[in-house]
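Notes follow once the structure below has been shown.
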Amino acid sequence: MMEDEELARVFPSVSLVLGNGRDMGAGALFITTRRVIWLSAADSGLGCGVAFTHINLHAISTDTALFPRACIYMQLEAHHGDGASTGEAEEDDEDTAPEVRLAPSDANSLEEIFKALCECATLNPDPGMEEDSEDGEFFYDEEEVAAGAGGADRVARLNALDALLTMPRADQLDELLEDDPRFEDAEEDENGEASDGSHPPTPQ
Amino acid sequence: MLFYSYFKTLVGKEVTVELKNDLAITGTLHSVDQYLNVKLNNVKVVNEAKYPHMMSVRNCFIRGSVVRYVQLPPGSVDIEILHDATRREARG
């Protein structure tokens, strides 16, 4: 299992048919919160899986003229293949998306499989697709700030700024000034004039 | 947020969704979510020659990130509402 992956649904009797029409036979379909996995019933070493982020679309197909059984049709992202552990390369052209069919022995479960696929696909947005995400947003309008948008982020930034502004405490101030020549009294001569003569002469 | 809110107003209308792999699918918009994943009913594939298997499909779920364009029904485009929404979005 992948990180934070959970099993959502299992459909025990589903045939997998690859885009080239090759029927992989009956098996079990596992729909997790991250992937769709199929494991062959006949050959325990045969199985494949694809992440939801690589499934372009899925659909219910019922036209038996094109395919003998009602099935779930899936179009996968090109180049990623279906990750078949048989090691077989996808036969599709570069710009044609690989296709996969999932045909349950019980056609009544089609709607359920479709629904489970929809629900789990929604859990897997592509990075950067989060329209409402607060992460990575720098600016907020007043309403959002009032509602606490990006709160954690702002606190972190303010703390970073605070760290730059280290102010001495009151009891440290005298200590700091003590040895600093800039804060010493100017030396005065006997007439009370500043020794550097920068003050105007006192009227006599 | 603007697109999500706007597409929600098109539920029940016929739209054509163009995918980044050039597949174009026309159907009745059933639903759309915040990631712009789109569910279509009564699906028709515009370019059937390329994806002949899609002909047998009646409803489908399209991943938002693979959508390139959504063609809108001209009659359902309310310019006033869109103007207003884009202004609010820009101010936001």
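We use all heavy atoms of the structure for the numbers below, so side chains are in, but hydrogens, waters and symmetry mates are not. Being a predicted model, the structure only gives us computed values, none of them experimental.
- Residue pairs meeting the salt bridge (Lys or Arg N to Asp or Glu O under 4.0 Å) criterion with at least one partner in residues 27-42 of chain A, sequence neighbours excluded, are A/D4-A/R34, A/E5-A/R35.
- The minimum heavy-atom distance between A/T62 and B/R58, with the atom names listed, is CG2-NH1, 3.1 Å.
- A donor-acceptor contact shorter than 3.5 Å links the side chain of B/R63 to the backbone of A/N124.
- Taking CG of A/L123 as the reference point, atom OH of B/Y35 lies at 8.5 Å (rounded to 0.5 Å).
- Using a 4.5 Å cut-off between heavy atoms, A/I55 contacts chain B through its backbone alone, with no side-chain atom that close.
- Considering all non-hydrogen atoms of both residues, A/T122 and B/N37 come closest at CA-ND2, 3.9 Å.
- In terms of heavy-atom proximity, B/N59 sits nearest to A/A59 at O-CB, 3.0 Å.
- Counted by atom type alone, B/N21 and A/E77 present zero donor-acceptor pairs between their side chains at under 3.5 Å.
- Within a 6.0 Å radius of NZ in A/K115, no more than 12 heavy atoms belonging to other residues, nucleotides or ligands are found.
- If you measure heavy-atom distances from A/F67 to chain B, you find no contacts under 4.5 Å at all.
- Most heavy-atom pairs under 4.5 Å with chain A, from the set B/V43, B/V57, B/L23, B/V67: that is B/V57.
- Partners of A/Y73 under the ring pair (Phe, Tyr, Trp, His ring centres under 6.0 Å) rule, at least two apart in sequence or in another chain, do not exist in this structure.
- Distance check: B/C60 SG to A/I60 CD1 gives 10.5 Å after rounding to the nearest 0.5 Å.
- Contact between B/I62 and A/L57 at its shortest, heavy atoms only, is CA-CB, 4.0 Å.
- In this structure, A/E119 does not pair ionically with B/K39, as no charged nitrogen and carboxylate oxygen lie closer than 4.0 Å.
- Residue B/L40 does not touch chain A at all, counting heavy-atom pairs closer than 4.5 Å.
- Within the 4.5 Å cutoff, no side-chain heavy atoms of A/Q75 are placed close to those of B/V66.
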